[in-house]
Amino acid sequence: MSGSLRAALRLGAWAARGRPGRRHLSEAAEGGGGADGGGSGSREAVERLVREHPVVVFMKGSPAQPLCGFSNAVVQILRLHGVEDYRAHDVLQDPALRQGIKNYSNWPTIPQVYLNGEFVGGCDILLQMHQNGDLVEELKKLGIRSALLDAEKDQEKK
């Protein structure tokens, strides 16, 4: 595990202290960035974005260049699980979307992860799901086999 990933995961673990967990998870991938429809933060526009793909992430920056530690941690967790097919939206490019997604979820922070249109949570929740194995199960519900299962099989063979 790289030093930057360990640092991002430690940062995520720090953020998770004292926060209630959510039961659902979402995955993201090397998807595009930015909002559609002129960057509207309306409930209808946000709803379209949330439902456009099974895994949607609203983050600061892009999967290729996250612009905060929490967004980076979400991207790294998804990569660990081999999730490559997701939509990512950079909220820094559209202030209306940034506020609109917070209003839509009633969750004050970014990043936000959605699976099958359902809000899962932020970095802290995704990290918690990764650590306790719930993420593997949620991905399975989406028809995605976590790469960590294959890594475990390889370790057992050795």
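- Using a 4.5 Å cut-off on side-chain heavy atoms (C-beta onward), H89 and V57 make no contact.
- For the atom pair CZ of F70 and CG of L126, the computed distance is 13.0 Å after rounding to the nearest 0.5 Å.
- Distance check: L78 CG to S146 OG gives 10.0 Å after rounding to the nearest 0.5 Å.
- Looking at K102 and Q112, their side chains come closer than 4.5 Å, going by heavy atoms from C-beta outward.
- Counting only distance, with no hydrogens or angles, the side chain of N116 and the backbone of E118 share no donor-acceptor pair below 3.5 Å.
- Ion pairing of R51 with E47 is present here, as a side-chain N (NZ or NE/NH1/NH2) and a carboxylate O approach within less than 4.0 Å.
- Side-chain contact between M59 and D90 is absent, with no heavy atoms from C-beta onward closer than 4.5 Å.
- Interatomic distance, L97 CG to Y104 OH, rounded to the nearest 0.5 Å: 12.5 Å.
- Atom OG in S62 sits 7.0 Å away from atom CG in L67 (nearest 0.5 Å).
- In this structure, CD1 in I125 is found 14.5 Å from NE2 in H130, a value given to the nearest 0.5 Å.
- Side chains of K140 and V136 form no contact here, defined as non-hydrogen atoms less than 4.5 Å apart.
- Side-chain atoms of F119 and V50, non-hydrogen and from C-beta on, never get closer than 4.5 Å to each other.
- A donor-acceptor contact under 3.5 angstrom links the side chains of N103 and Q99, judged on distance only.
- Pairing each heavy atom of V74 with each of C123, the nearest pair is CG2-CA, 3.7 Å.
- When each of N72, L127, V83 is paired with I77, the side chain to side chain contact (heavy atoms under 4.5 Å, CB included) condition holds for L127 and for no other.
- By the criterion of side-chain heavy atoms lying less than 4.5 angstrom apart, applied directly or through intervening Ile, Leu, Val, Met, Phe, Trp or Tyr residues, L92 is not grouped with V113; the two fall into different hydrophobic clusters.
- Side-chain atoms of D134 do not come within 3.5 Å of backbone N or O of M129 as any donor-acceptor pair.
- The backbone N or O of I101 lies less than 3.5 Å from a partner atom in the side chain of S105, making a donor-acceptor pair.
- In this structure, the side chain of S71 engages the main chain of K60 through a donor-acceptor pair within 3.5 Å.
- Ion pairing of D150 with R145 is present here, as a side-chain N (NZ or NE/NH1/NH2) and a carboxylate O approach within less than 4.0 Å.
- No hydrogens or angles considered: a donor-acceptor pair under 3.5 Å links the side chains of H53 and D85.
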